[in-house]
Visitor: 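Below is one structure. I have some questions about it.
If you're wondering where the values come from, they're calculated on a predicted model, not measured in any experiment.
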Amino acid sequence: PLWWQFFGPQSYQSLEHGPVGNDTAAFTRFASESVAGDAGVAQDVAMNPTEENAFFGWPLVVLMLVLTVWLWREVLARAAAIAMFVLAVLSLGVELTVAHEATGISLPWSWLADLPLLESVLESRFALGCVPAIGVLLALATDRVFALTPPPRFRAPRWLRSTPGDGMPTPPSVRLLWLGTLAAVLVPIAPTPLEAGERPATPAFFTAGTWRQYVGPGGSVVAVPLPNSGDARALRWQVDADLGFPIADGYFVGPNGPDDKRGRYGAMRRQTTTLLARVRDRGEVPPIGDAEREDALNDLRAWRADVVVLAPVKNQQALYNTVNLLLRKPGQYVDGVWIWDVRLITA
């Protein structure tokens, strides 16, 4: 199994992402999906919407600096603090970036970035390793506060007041102050519920088995637009059809080519893939000429396409008109989808 994974057919040796370290500003901002978060502010320094890895917020960053100094003499606290800072620095990547400005200062990850296996690492994610270290420091600090302020021997109603005459907080007041500090630091980064929506049902064209009338042995389905890491609905159709047919493109990791062992996400983008993605995003039918039709024919043959399928999707009308122009024939509406039988032109 290990040989097959690393040296077998369709294996790849690395998955390069380029420089993907955190901007230092990311550490002091709040994540989009947090109580104090703002998606616009967060995405300004995030790698992408799903990679907000270092968004701890400035109150927690300040508190960690204070706790590191206060608890430095404790071995466990010192170990946690060192681990936290080392992981934070590694997450910055090969070069220090401050508020979008590349400083030209090389960081420790530059010594490791090109080593086998490490070359495939997204260094931004090292920031996630700071989370348990932060938890350890907060737990140790809480234990220290409660140990230095034992429960008072006076009546309960007095622990909300200072001791008369000395102006100093009573032990319970110190505890309340610490717990209030924790709340002020942690509540802003508390996660908020993710927005959810209903996933469209798989069209009957696939669940009822109608696809079998259009896809022969060795043929494939081409979804419009083609599936990728951002839109994998068509892969769900494939699953609901018991994986009875291959589908063009999709979301997977594989080699860059037959003789290129570098890894990549998804298939190589072809001209028609790019054209249809642009129509989906813009909602405009582009000029279609002989060159675009020739590209589409070559792409359909490369995909071994038997049928092209358009299900309900954003900017559906523009996509439908574009495919009509590319194939020089109108689509047919069958069991919830528009289809174009292309077996005669791809044979």
Visitor: Does the side-chain hydrogen bond (donor to acceptor under 3.5 Å, both in side chains) test come out yes or no for Thr142 and Trp178, once each step is laid out?
Guide: CA-CA 8 Å; Thr142 301; Trp178 172 248; 2.9 Å; yes

Visitor: For residues 8-27, which residue pairs pass the ring-ring contact (aromatic ring centres under 6.0 Å, His included) check, not counting sequence neighbours?
Guide: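 Pairs touching residues 8-27 that pass the test: His17-Tyr265.
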
Visitor: Can the ring centroids of Tyr320 and Trp338 be said to lie less than 6.0 angstrom from one another?
Guide: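 Yes, the ring centres sit under 6.0 Å apart.
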
Visitor: For Leu226, does its backbone N or O pair with a side-chain atom of Arg280 as donor and acceptor, under 3.5 Å?
Guide: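 Between the backbone of Leu226 and the side chain of Arg280 there is no qualifying donor-acceptor contact (under 3.5 Å).
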
Visitor: Take atom CG in Leu117; do more than 12 heavy atoms of anything else shown fall under 6.0 Å from it?
Guide: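 No - once you tally the heavy atoms of other residues, nucleotides and ligands closer than 6.0 Å, there are 12 at most.
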
Visitor: How about CZ on Arg262, more than 12 heavy atoms from neighbouring residues, nucleotides or ligands closer than 6.0 Å, or not?
Guide: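 No, the 6.0 Å shell around CZ holds no more than 12 heavy atoms from other groups.
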
Visitor: State, with a plain yes or no, whether a side-chain heavy atom of Ser34 is found less than 4.5 Å away from one of Phe55.
Guide: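 Of all side-chain heavy-atom pairs linking Phe55 with Ser34, none is under 4.5 Å.
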
Visitor: Side chains of Trp340 and Val307: closer than 4.5 Å at any heavy-atom pair?
Guide: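 Contact flag for Trp340/Val307 side chains = no.
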
Visitor: Around Arg304, counting heavy atoms of other residues, nucleotides and ligands shown, do more than 12 lie under 6.0 Å from its CZ?
Guide: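 It does not: Arg304 CZ has 12 such atoms or fewer within range.
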
Visitor: Determine which pairs satisfy side-chain hydrogen bond (donor to acceptor under 3.5 Å, both in side chains) with at least one residue from residues 52-77, sequence neighbours left out, and list them in order.
Guide: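 For residues 52-77: Ser32-Glu52, Gln43-Glu52, Glu51-Asn53, Asn53-Ser124, Glu74-Arg144.
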
Visitor: Can you list every salt bridge (Lys or Arg N to Asp or Glu O under 4.0 Å) pair that touches residues 21-38, not counting sequence neighbours?
Guide: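 Non-adjacent pairs meeting salt bridge (Lys or Arg N to Asp or Glu O under 4.0 Å): Arg29-Asp44.
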
Visitor: Check whether any side-chain heavy atom of Ile288 lies under 4.5 Å from a side-chain heavy atom of Pro286, and answer yes or no.
Guide: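 In contact.
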
Visitor: What I'd like to find out is whether the side chain of Ser229 reaches to under 4.5 Å of the side chain of Tyr251, using heavy atoms alone.
Guide: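 Answer yes - side chains close enough.
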
Visitor: Spell out, as yes or no, whether a donor-acceptor pair under 3.5 Å connects the side chain of Arg264 to the backbone of Ala267.
Guide: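 Present.
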
Visitor: Kindly say whether Thr272 contributes a backbone atom to a donor-acceptor pair with the side chain of Asp299 at under 3.5 angstrom?
Guide: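 Yes: the side chain of Asp299 pairs with the backbone of Thr272.
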
Visitor: Less than 4.5 Å apart, side chain to side chain, heavy atoms only: is that true for Leu327 and Val342?
Guide: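 Side-chain contact under 4.5 Å: yes.
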
Visitor: Whether Arg328 and Asp290 form a salt bridge (side-chain N of Lys/Arg under 4.0 Å from carboxylate O of Asp/Glu) is what I want to check.
Guide: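 Looking at Arg328 together with Asp290, the answer is yes, because their closest N to O distance falls below 4.0 Å.
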
